[in-house]
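Have a look at the structure below before the remarks.
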Amino acid sequence: MYANPLPIPGTTPLLDAEVTPGITARALEILKDQQWPMFSATNVETIDGVDVVARVEWHPPEPSIDHWHRGVTFYKVTDEL
């Protein structure tokens, strides 16, 4: 089992309903770049009008992927970082 690091202070994870097409496209760009180490995070980015920080993390199995896998979690900036 994998453990993700602590949450990023001043942020909250985006809900599925908050993920826009632009945010999905950014996640795919990040995942194509194999240089990103696990648990690395971007600086604050504004995507589709939302201030976010992206972090590469381990994601558990899901219907389309039956094993733990590298994924991107987006965190909405709620306070000044």
Pairwise distance CZ(R55) to OG1(T73) - rounded to 0.5 angstrom
7.0 Å
Could you grab the distance from atom CD1 of I30 to atom CZ of R70, nearest 0.5 Å is fine?
9.0 Å
T46 side-chain N/O to G49 backbone N/O, donor-acceptor pair under 3.5 Å:
no
S64 OG to H69 NE2 distance, which is reported to the nearest 0.5 Å
7.0 Å
Please name all residues satisfying side-chain contact (heavy atoms from CB on, under 4.5 Å) with T12, sequence neighbours left out, ordered by chain then number.
K76, T78
Gap between atom OG1 of T24 and atom CD1 of I47 - 0.5 Å precision
9.5 Å
Identify, with sequence neighbours excluded, every residue that meets side-chain contact (heavy atoms from CB on, under 4.5 Å) alongside D33.
Q35, W36
Once rounded to the nearest 0.5 Å, what's the spacing between atom CZ of R26 and atom CG of D48?
12.5 Å
Salt bridge (charged side-chain N to carboxylate O under 4.0 Å, His left out) evaluation trace for E29 with K32:
CA-CA 5 Å; E29 288 173 5; K32 279 192 227 175; over 6 Å; no
Are the side chains of V77 and V52 in touch, meaning some heavy atoms are under 4.5 Å apart?
no
So if you build clusters from Ile, Leu, Val, Met, Phe, Trp, Tyr with side-chain heavy-atom gaps below 4.5 Å, do L31 and V19 land together?
yes
Can you list the residues that meet the salt bridge (charged side-chain N to carboxylate O under 4.0 Å, His left out) rule with E62, with sequence neighbours excluded?
none
Look at the side chain of T42 and the backbone N and O of V53, then say whether any donor-acceptor pair between them is shorter than 3.5 Å.
no
Is any side-chain heavy atom of V50 closer than 4.5 Å to a side-chain heavy atom of F74?
no
